[in-house]
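For the single chain, residues carry numbers from 1 onward in sequence order. Order of listing sets the numbers, starting from 1, for every ligand and every atom in it.
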Amino acid sequence: MNGELAARRAELAAACRVLAARDLAPGFLGHVSLRVDEHRLLVRCRGAEERGLAYTVPEDIRLVDLDGNPGAAGELDGYAAPNELPLHTEVLRRRPDVDAVVHAHPAAVVAADLAGLGIRPIVGAYDIPGAHLAAGGVPVYPRGVLIRNRRLAAEMVAAMADRPVVLLRAHGLTSTGPTVPHAVLRALAVQTIAAMALSVSQAGATPTDLPAEDLAELPDLGGGFNIDTAWRHELARLP
Ligand SMILES: [Zn+2]
């Protein structure tokens, strides 16, 4: 169990650094979590030497229970769980299909939503998983609040419904998946589409959805390519 936990801590720390490297964490806010068992999760916490997501190390990833208590003796010694821990735990409580949760504050995603652009399937083969993700719908939780309790987190999960990603108006996004790479890569795809929509809009045009027949023509290249290779690429390009 300890060897497995150590590997997961390293994976979550790398995930935080990927988010920062891809401009999804312009400040030091944001966190990533992973369900470990029925009652516990690993989550990025803040220690005395906190320097932000870009500098996350495996020691910043701590084991807590669904109520924010230490998941084992000493796990929160010198570390504080995120204020928005309920954002993670409420998703894990209500979505058995989800094991990994990403929360970040990407500026382009916030700007695209505030500009009324939304996350739409405006790209095709440019980013096939992103096109399918957008075509399935990326809902918006319309309150710009800090999700610091179960009541607000439940509102967010209700807005997310059965989708993997929800935008948080004037705040950021929550992205989920069965694994950490799934959740991070979905957040990156949403960021890519948001930035594209803003670019099109700033060029004076209105972003429009890909025709349905083009969407239908986009193949699923499989998890080995979309997840495994994409994740190795993200890890390899880390500074
Ligand atoms: Zn936040």
Side-chain angles (χ1 to χ4, degrees), residues 12-35 41-47 50-56 60-62 64 66-68 76 79-95 98-115 117-119 133 138-161 163-177 180 182-195 198:
L12 283 159
C16 292
R17 298 199 303 273
V18 167
L19 290 170
R22 287 297 202 176
D23 254 355
L24 273 81
F28 60 91
L29 302 175
H31 13 80
V32 183
S33 69
L34 177 69
R35 190 196 305 273
L41 60 150
L42 287 168
V43 63
R44 205 276 188 190
C45 291
R46 299 193 197 286
E50 171 64 27
R51 290 179 300 158
L53 258 64
Y55 309 99
T56 304
D60 296 327
I61 311 299
R62 316 302 296 188
V64 303
L66 290 171
D67 296 315
L76 286 181
Y79 288 86
N83 288 315
E84 294 190 294
L85 182 70
L87 173 156
H88 296 262
T89 55
E90 207 61 19
V91 171
L92 296 178
R93 280 182 160 112
R94 292 170 184 253
R95 288 284 298 269
V98 168
D99 281 336
V101 181
V102 165
H103 172 56
H105 293 181
V109 172
V110 173
D113 171 57
L114 292 177
L117 296 168
I119 301 302
L133 174 63
V138 179
V140 179
Y141 173 55
R143 303 188 66 191
V145 295
L146 188 74
I147 301 177
R148 67 189 192 285
N149 59 47
R150 288 192 65 182
R151 175 177 56 84
L152 295 170
E155 286 183 1
M156 181 202 75
V157 176
M160 184 163 71
R163 295 299 298 154
V165 182
V166 60
L167 303 196
L168 313 177
R169 180 151 297 154
H171 182 177
L173 61 71
T174 297
S175 177
T176 69
V180 170
H182 279 88
V184 173
L185 292 167
R186 283 167 173 165
L188 267 54
V190 166
Q191 157 94 343
T192 296
I193 291 177
L198 285 171

Point to revise | the Zn ion (ligand 1) neighbourhood, protein N/O/S only, threshold under 2.8 Å | key: Glu84 OE1, His103 NE2, His105 NE2, His171 NE2
Exercise for review: Report the residues that fulfil ring-ring contact (aromatic ring centres under 6.0 Å, His included) with His103, sequence neighbours left out, ordered by chain and then residue number.
Suggested key: His31, His105, His171
**Study point:** Sequence neighbours excluded, every pair satisfying side chain to side chain donor-acceptor pair (under 3.5 Å) that has a member inside residues 182-192
**Key:** Thr179-His182
Review point. Would you say the side-chain atoms of Glu90 pair up with the backbone N or O of Ala154, donor to acceptor, closer than 3.5 Å?
Key: no
Exercise for review: Applying side chain to side chain contact (heavy atoms under 4.5 Å, CB included), name anything that partners Asp99, two or more places apart in sequence or on another chain.
Suggested key: Leu34, Arg35
Review point. Going through the checks in order, is the side-chain hydrogen bond (donor to acceptor under 3.5 Å, both in side chains) test met by Thr176 and Arg95?
Key: CA-CA 10 Å; Thr176 69; Arg95 288 284 298 269; 4.6 Å; no
Exercise for review: Kindly check if the number of other-residue, nucleotide or ligand heavy atoms within 6.0 Å of CZ (Arg163) is above 12?
Suggested key: yes
